[in-house]
Amino acid sequence: MRAMMRPTINHRGPEFEKVYEDVLENLGYAFQTHGDVFPISASGTGGVECAVANLVCPGDKILVPVHGVFSQRVKETVEAFGGIVVQVPVDWTRAPSVEQIDEVLGKEKDIKASIFVYNETSTGVTIRDLRRIGEVVKRHGSLFMVDAISILGGDDLPVDAWHVDVCVTGSQKCLACPPGLALISVSEDGWRTITRDKARRHVYYFDLLKMKDSASKKETPFTPSLPLYFALDEALKILREEGLENRIARHRKCAKAFYDAIHALGLSTYPEEANRSNTVIAVNNPKGIEDKAIRDSMRQKHNIVVGGGMGRLRGAMFRIGCMGMISEAEVTATVAALESTLCYLGYQITLGTGLEKVEKVFHA
Ligand SMILES: Cc1ncc(COP(=O)(O)O)c(C=O)c1O
C-alpha cells in the first residue's frame with residue numbers, strides 16, 4: 001500500500017524500465033519459468049479473457065472441465081470467443097481425473113487447448129493431479145492452459161516443469177498485492193500457436209504479441225496502471241525475501257491448522273480430502289445453522305470476514321481465505337472467532353477444541 005503512494009512516473013522512460021525489468025524477473029521466479037510473463041492492467045478475469053482471446057479462434061475445440069463457478073466462467077469466456085467447448089463431467093467436490101482427460105482427448109482428436117482451474121475457489125478444490133494431467137494434455141498435442149488465480153504462490157506450480165503453456169494468476173491472492181493486475185505466462189508452444197493463428201484471433205487490447213514486442217523495449221503496449229506496478233514490484237520483492245518454498249510451506253501449514261481445527265469442532269469440509277485446497281477452506285454449514293448467521297457474527301463481533309458459497313452452493317457453506325499474508329496469528333484469531341460464534345449460535349462444542357489443534361500444528 002505504501003509502495004502505491006510513490007509519485008507517478010513516465011511509463012515510457014528509464015524509471016519505468018527499471019520497475020518493469022524487476023517485475024518481469026521476479027514474475028519469472030514466482031511462475032518458475034524461463035518463458036515470458038506479462039502483467040496486465042485488469043483483474044484475474046481479464047487475464048483469463050486475454051489467454052482465451054489469444055488462444056481460441058472461432059470454431060476451435062477447447063476442453064474445459066467445469067467443476068465450480070470459475071471453471072463455468074472459463075467455459076463461457078471460450079464460448080464468447082467462438083470456441084466449441086468439450087466438457088468433462090465432474091462432481092463439484094472433486095477434480096477432473098487423469099483418466100477422464102486422457103479418454104476425452106483420445107476420443108476427440110483435434111482439441112486445440114485444454115483449460116483447467118487449478119484451484120476452484122468456489123468449492124475449495126485443488127486439482128492435485130495437475131502435473132500428470134499436463135503430461136497427458138501435451139502427449140495428445142493439446143495446449144495446456146491453467147487458471148491459477150487463487151493459488152500461484154500458495155501451492156506448487158512450477159510452470160516450466162509442469163509444461164504449462166499459458167498460466168494466469170491475479171495480483172490480489174497468494175502474491176499478496178492489491179487487486180487490479182493479472183499476470184500471464186506463455187510458453188514456446190504457446191507462442192508457436194498464437195503466431196500461427198495470428199490472423200484468426202479476435203483480439204486487440206489484450207494482444208499477447210503486442211505485449212511481447214513492447215516488453216522487448218521494456219514497455220507495455222498501453223498505459224500501465226502505475227500504482228499497481230509499484231505495489232507488484234514490492235509484493236514480489238517480499239515474496240523473494242520470504243522464498244517461494246517457504247511461502248508455499250506457510251500456506252500448507254495454515255491450511256492444515258484450519259482443517260484440523262474445523263474437523264475437531266465436528267464440522268465437515270466440502271471437497272473430498274484428496275483434493276482439498278491449501279488456499280481456501282470450504283466448510284459445509286453446520287446442521288441447522290445458516291452460513292449467513294456465522295459470517296455476520298464473525299464480522300460484527302470479531303471483525304473477521306469469511307466468504308459465503310457461490311453459484312449453486314450459495315447458502316450451503318462458508319469459505320475461509322487462507323492466502324497471502326496468512327499466518328498463525330490470523331488462523332488463531334479466525335478459529336477463536338469461529339468457536340465463539342458457534343457457541344453463540346447454539347452449536348454444541350467445547351471451547352478451545354479447535355484452538356488446541358491450531359496450537360499443535362504450529363508448536364508441537
Ligand atoms: C479461480 C479464479 N478464477 C478467476 C477469478 C476471477 O478473478 P477476478 O475477480 O480478479 O477477476 C477468481 C477470483 O476469485 C478465481 O478465484
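Numbering of ligands and ligand atoms starts at 1, following listing order.
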Open item on the list: For Lys357, I'd like to know if atom NZ has over 12 heavy atoms of other residues, nucleotides or ligands within 6.0 Å.
Closed with: no

TODO: Return the set of residues passing ring-ring contact (aromatic ring centres under 6.0 Å, His included) with Phe222 (not counting sequence neighbours), or none when no residue passes.
DONE: Tyr205

Open item on the list: Does Asn10 have more than 12 heavy atoms from other residues, nucleotides or ligands lying within 6.0 Å of its CG?
Closed with: yes

Open item on the list: Determine whether Phe38 and Lys212 satisfy the following criterion, side chain to side chain contact (heavy atoms under 4.5 Å, CB included), listing intermediate values before the conclusion.
Closed with: CA-CA 8 Å; Phe38 309 106; Lys212 188 175 170 63; 4.0 Å; yes

Open item on the list: Residue by residue, ordered by chain and number, which ones reach under 4.0 Å of ligand 1 with a heavy atom?
Closed with: Ser43, Gly44, Thr45, Phe70, Val117, Asn119, Thr121, Asp147, Ile149, Ser150, Gln172, Lys173

Open item on the list: Contact between Thr126 and Asn275 at the side-chain level, heavy atoms closer than 4.5 Å - yes or no?
Closed with: no

Open item on the list: What's the separation between atom CG in Asn119 and atom CD1 in Ile127, rounded to the nearest 0.5 Å?
Closed with: 9.0 Å

